Amino acid sequence: MKSGYLICEDREIHYTEWGAGRDEAVIAWHGLARTGRDMDDIAAHLSRRYRVICPDTIGRGLSQWSPRPEQEYCLDFYGRIALSLAGQLGLERLHWIGTSMGGALGLRLAAGAMKGRIRRLVLNDIGPQLAAPAVERIRSYAGNPPRFDRVGELEQYFRTVYKPYGWLSDEQWRRLAETSTRRTDAGGVTPHYDPKMVLQFIHHPADYDQWDAYDAIDVPVLCLRGETSDLLLAETAEEMRRRGPRAEVVTIAGCGHAPALNVPAQFALVDRFLDGR
């Protein structure tokens, strides 16, 4: 793994790169209140064959926080950042793996600004329509992140709020905590993102209503749905199977929103799909 920074749309964006020098490329984009380090496991696995780029969205992880949060925390601006990032890294054709928000971004780009460049699209527990109660649940914790004195306490919080990710080893939970932690001015710890990123839901309320974009996608789509997901409902996933690109939908047992993409069975699903099998 290599760590890098690029200026995209006048904002400093951090990313990690795995498998440098590989011919084929994958962008793996994380969820709403997360960081690119969530993709470490799937990226390490895929790097045996692919060059894998895992960005931190603006306002998350080591990327710059937006000085204009009302305007810039939205899928359109994230898409402009993605275009700039891909261009600077020389990614002309690529696969896209997106968890939650990262999948919504890939969906929009595959139908629009990166149509013809995204070859295959993996949507990890996300679709063109979200369940409103789940959105409110996410806003309630993401918009008011807790503060603790110790990293161990924050890790216990993450183990609770992200239990729907499914099985993670103790080592993976520790890594999730350590890559999701920042110190506050008072010396405590809190999740590593700008709480203002939830302004997306206030100033861009239709951002995740994307059936028109979904119907315009003309490349293969794999949708991984957590068995108990409250964000991507079963009926929405079934509609995705019937219309537009007619996604292949696979239900991941023992997970809610969203599968962590960290175990061999999930690796195998992605491998098979990217291979066109």
Side-chain angles (χ1 to χ4, degrees), residues 16 18 26-46 50 52-57 60 75 78 82 94-111 118-131 134-135 138 142 161-168 172 176 180 207-208 210 213-214 217 219-234 236-241 244-245 247-275:
T16 57
W18 304 71
V26 174
I27 286 182
W29 208 291
H30 64 83
L32 182 74
R34 303 299 309 135
T35 81
R37 295 299 303 277
D38 280 12
M39 298 296 189
D40 277 10
D41 294 300
I42 188 72
H45 172 78
L46 291 174
Y50 300 95
V52 187
I53 304 297
C54 307
D56 288 343
T57 307
R60 285 78 157 180
L75 292 182
Y78 302 160
L94 55 100
H95 303 301
W96 187 287
I97 300 171
T99 292
S100 194
M101 179 201 73
L105 177 58
L107 188 162
R108 177 166 297 206
L109 290 170
I118 293 178
R119 299 167 55 199
R120 288 179 175 265
L121 175 63
V122 179
L123 302 177
N124 185 24
D125 210 63
I126 192 71
Q129 178 180 331
L130 309 185
V135 173
I138 293 169
V161 75
Y162 294 134
K163 186 177 180 180
Y165 283 10
W167 181 86
L168 279 76
Q172 288 170 336
L176 183 150
S180 307
D207 244 5
Y208 292 91
Q210 298 201 94
Y214 180 78
I217 292 174
V219 296
V221 175
L222 171 65
C223 175
L224 304 176
R225 179 182 179 270
E227 179 182 28
T228 59
S229 176
D230 63 344
L231 190 77
L232 177 60
L233 300 182
T236 303
E238 184 57 33
E239 185 73 5
M240 293 169 68
R241 195 197 306 268
E248 175 187 356
V249 178
V250 178
T251 299
I252 307 297
C255 295
H257 182 74
L261 302 181
N262 66 323
V263 293
Q266 294 170 24
F267 297 162
L269 289 169
V270 174
D271 282 340
R272 177 188 55 75
F273 176 71
L274 296 186
D275 283 344

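All residue numbers refer to positions in the sequence shown, counting from 1. From a predicted model like this one, the values you see are computed outputs, not experimental measurements. These values consider heavy atoms only, across backbone and side chains, with no hydrogens, waters or symmetry-generated copies.
- Here CD of Gln172 is found 12.5 Å from OH of Tyr165. Values are rounded to the nearest 0.5 Å.
- Between Arg37 and Asp40 there is a salt bridge, with a side-chain nitrogen of the basic residue lying less than 4.0 Å from a carboxylate oxygen of the acidic one.
- With hydrogens and angles disregarded, a donor-acceptor distance shorter than 3.5 Å links the side chain of Asn124 to the backbone of Pro259.
- Distance alone, capped at 3.5 Å, is enough to place a donor-acceptor pair between the Glu227 side chain and the Gly254 backbone.
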Tell me, with the steps shown, if Leu261 and Leu224 meet side-chain contact (heavy atoms from CB on, under 4.5 Å).
CA-CA 10 Å; Leu261 302 181; Leu224 304 176; 3.9 Å; yes
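- Side chain of Thr236 to backbone of Leu232: no donor-acceptor contact under 3.5 angstrom is found.
- The shortest distance between side-chain heavy atoms of Leu46 and Asp271 falls below 4.5 Å.
- Annotation for Cys255 and Gly166: closest pair SG-CA, 3.9 Å, computed over non-hydrogen atoms.
- Atom-to-atom distance recorded for Arg225:CZ and Thr251:OG1 is 6.0 Å, nearest 0.5 angstrom.
- A heavy-atom distance below 4.5 Å is not found between the side chains of His30 and Cys54.
- The backbone N or O of Ala213 lies less than 3.5 Å from no partner atom in the side chain of Arg108, so there is not a single donor-acceptor pair.
- Taken to the nearest 0.5 Å, the CG atom of Leu274 stands 5.5 Å off from the CD1 atom of Ile97.
- Looking at heavy atoms from C-beta onward, Pro164 lies out of side-chain contact with Asp230 at the 4.5 angstrom threshold.
- Of all non-hydrogen atoms in Ala110 and Leu121, the two that sit nearest each other are CB-CD2, 4.2 Å.
- In plain terms, the two heavy atoms of Asn262 and Gln266 that are nearest each other are N-OE1, 3.5 Å.
- Of all heavy-atom pairs between Gly127 and Leu107, the closest is C-CD1, 4.2 Å.
- Ring geometry for His45 versus Phe267: interplanar angle under 30°, hence parallel rather than tilted (30 to 60°).
- Side-chain contact check for Ile138 versus Leu231: some heavy-atom pair is nearer than 4.5 Å.
- Residue Pro245 comes nearest to Tyr214 through the heavy atom pair CD-O, 3.1 Å, listed as atom of the first residue, atom of the second, then distance.
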CA sep, side-chain torsions, deciding dist, call: Ile118, Leu94, side-chain contact (heavy atoms from CB on, under 4.5 Å)
CA-CA 5 Å; Ile118 293 178; Leu94 55 100; 4.0 Å; yes
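- If you take CE on Met101 and CD1 on Ile126, they are separated by 9.5 Å, rounding to the nearest 0.5 Å.
- Listed for the Asp125 side chain is no donor-acceptor partner under 3.5 Å among the backbone atoms of Ser100.
- Every residue two or more places apart in sequence or in another chain was checked for a salt bridge (Lys or Arg N to Asp or Glu O under 4.0 Å) with Arg120, and none qualifies.
- Between atom CD of residue Gln129 and atom CD of residue Gln210 there is a gap of 11.5 Å, rounded to the nearest 0.5 Å.
- Considering CE of Met240 and CG of Leu123, their distance stands at 5.0 Å, rounded to 0.5 Å.
- Between Met39 and Trp18 the shortest side-chain heavy-atom distance does not fall below 4.5 Å.
- The two residues Thr57 and Trp29 make their nearest non-hydrogen contact at OG1-NE1, 2.6 Å.
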